[in-house]
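Notes to accompany the following structure.
Whatever order the structure lists them in is the order used to number ligands and atoms, beginning at 1.
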Amino acid sequence: MTTNRPTVIEVEHLTVSYQAKPALLDVSVKIESDQLIGVIGPNGAGKSTFIKAVLGFVKPDLGTVLINGKSAQKAKGEVAYVPQRGAVDWDFPITVKEVALMGRYQKIPWYTSPKAADYEAAFNALEMVRMQDFAERQIGELSGGQQQRVFMARALAQGSDILLLDEPFAGVDAATERAILDVLERAKNSGKTLVVVHHDLSTAAEYFDKLILIKQRMYAYGTPSVVLNEDLLSKVYEGRLRIFSDIIKKGEA
Ligand SMILES: Nc1ncnc2c1ncn2[C@@H]1O[C@H](COP(=O)(O)OP(=O)(O)O)[C@@H](O)[C@H]1O
Ligand SMILES: [Mg+2]
């Protein structure tokens with residue numbers, strides 16, 4: 001299938017290690033705009049490392065990452081990041097509104113305060129995730145799913161066209177999962193490209209346009225019907241997957 005969509009993320013031969021132990025080996029992938037991309041693979045496969053390498057948070061041993069044709073350094077502000085919920089200190093005393101406004105800080109020079117346009121972008125982002133009524137609440141008082149949505153608002157407020165999210169569905173109930181998926185889909189329909197680490201194979205085909213299957217190396221990249229293939233999944237998940245037939249059926253649907 002060919003599309004006219006521009007490539008927004010181009011990863012070539014990406015190799016990343018921690019203390020000489022490789023977490024990613026020779027990963028190459030081109031991600032086109034206006035899509036919802038899922039990153040799947042077992043625990044410890046390097047999914048979070050992939051996201052961090054695209055953001056420029058970890059330095060590759062080898063390989064390159066280009067964002068809109070530029071290095072991560074030069075493309076600062078063009079990619080927004082929603083970290084895994086476990087990586088955030090939720091006791092930090094800050095309101096929902098302030099978290100959303102944090103998304104604007106890269107755009108606000110150090111010698112000025114946020115302007116009306118910054119408050120407006122933060123408020124619009126809270127509306128987009130349907131958390132505007134909670135603007136004055138402390139972040140620590142919210143449920144896990146609400147916190148997740150506020151962090152999505154922070155990323156949306158930044159105004160970047162590329163969003164990277166690390167397991168946004170982890171530990172939320174079914175209704176919240178729907179609400180988060182709805183935000184992702186609306187963001188995509190407004191012209192954003194979203195790369196989402198996802199651990200639940202049973203929903204991967206339904207949620208994403210394309211999947212990246214990694215376990216240190218990239219095993220596959222393509223539509224769910226191509227990637228959710230029994231041979232590939234059994235290679236990557238080994239004995240850890242019991243419900244192959246169910247997932248594969250969904251992949252073909
Ligand atoms: N900061 C770190 N220091 C050392 N090892 C790490 C670090 N972060 C991740 N790793 C290791 O790198 C591998 C990939 O981790 P990660 O990218 O978090 O995988 P995933 O997100 O798929 O679970 C794992 O073996 C993990 O233990
Ligand atoms: Mg991870």
Side-chain angles (χ1 to χ4, degrees), residues 9-29 31 36-65 67 72 79-90 144-145 147-152 154-155 162-172 176-177 180-181 183-184 193-205 207-208 210-222 224 227-229 232-244 247 251:
I9 301 172
E10 184 166 8
V11 171
E12 278 194 324
H13 304 299
L14 181 67
T15 299
V16 178
S17 7
Y18 299 106
Q19 288 103 40
K21 203 172 147 263
L24 288 177
L25 254 180
D26 199 26
V27 171
S28 296
V29 64
I31 296 174
L36 247 175
I37 309 282
V39 181
I40 58 171
N43 280 337
K47 302 182 296 297
S48 296
T49 301
F50 176 75
I51 296 284
K52 288 175 188 166
V54 171
L55 285 156
F57 290 177
V58 296
K59 198 176 166 300
D61 302 338
L62 280 172
T64 52
V65 175
I67 307 292
V79 187
Y81 172 50
V82 181
Q84 234 175 318
R85 214 157 50 81
V88 175
D89 175 8
W90 297 105
Q147 290 172 337
Q148 187 67 51
R149 276 149 67 198
V150 173
F151 265 67
M152 290 171 74
R154 182 183 74 150
I162 306 171
L163 270 77
L164 309 181
L165 299 94
D166 201 345
E167 305 222 18
F169 302 114
V172 303
T176 303
E177 179 147 344
I180 291 173
L181 181 66
V183 176
L184 298 180
T193 307
L194 300 103
V195 181
V196 182
V197 175
H198 189 61
H199 70 264
D200 181 5
L201 289 182
S202 71
T203 51
Y207 290 2
F208 299 105
K210 279 189 180 172
L211 296 171
I212 298 173
L213 175 63
I214 46 179
K215 190 175 80 177
Q216 203 177 56
R217 289 180 180 277
M218 190 174 76
Y219 281 72
Y221 172 48
V227 175
L228 299 176
N229 143 312
L232 281 171
L233 293 183
S234 56
K235 241 185 241 158
V236 170
Y237 286 85
E238 296 162 54
R240 283 178 275 183
L241 202 67
R242 285 165 291 121
I243 42 168
F244 275 141
I247 288 159

| message | For the backbone of His13 and the side chain of Ser28, can you confirm whether one donor and one acceptor N or O come within less than 3.5 Å of each other? | response | yes
Just the distances, no angles: every ligand 1 N or O to protein N or O pair closer than 3.5 Å, one line each.
residue, atom, partner, partner atom, Å
ligand 1, 17 (O), Thr49, N, 2.9
ligand 1, 17 (O), Thr49, OG1, 2.5
ligand 1, 19 (O), Gly46, N, 3.1
ligand 1, 21 (O), Ser48, N, 2.9
ligand 1, 21 (O), Ser48, OG, 2.9
ligand 1, 22 (O), Ala45, N, 3.1
ligand 1, 22 (O), Gly46, N, 3.0
ligand 1, 22 (O), Lys47, N, 2.9
ligand 1, 22 (O), Lys47, NZ, 2.8
ligand 1, 23 (O), Gly44, N, 2.8

| request: Test side-chain contact (heavy atoms from CB on, under 4.5 Å) on Ile31 and Ile212 and set out the steps. | output: CA-CA 10 Å; Ile31 296 174; Ile212 298 173; 4.0 Å; yes
| query | Taking the six-membered ring for Trp, are Phe169 and His198 parallel (under 30°), tilted (30 to 60°) or perpendicular (over 60°)? | reply | perpendicular
| said: Looking at Arg85, is its backbone amide N or carbonyl O close enough to the side chain of Gln147 to form a donor-acceptor pair, meaning the two atoms are under 3.5 Å apart? | reply: no
| Checking side-chain contact (heavy atoms from CB on, under 4.5 Å) against Tyr221, which of Leu213, Val39, Ile37 comes through? | Ile37
| said: Tell me how many protein N, O or S atoms are within a distance shorter than 2.8 Å of the Mg ion (ligand 2). | reply: 1
| request: Please confirm whether the backbone N or O of Gly41 pairs with a side-chain atom of Tyr237, one donor and one acceptor, at under 3.5 Å? | output: yes
| request: With the side chain counted from C-beta on, respond yes when Leu184 and Met152 share a heavy-atom pair under 4.5 Å apart, and no when they do not. | output: yes
| How many angstroms lie between CZ in Phe208 and CG in Leu228, if you round to the nearest 0.5 Å? | 11.0 Å
| How far does CD of Gln216 sit from NZ of Lys21, to the nearest 0.5 angstrom? | 8.0 Å
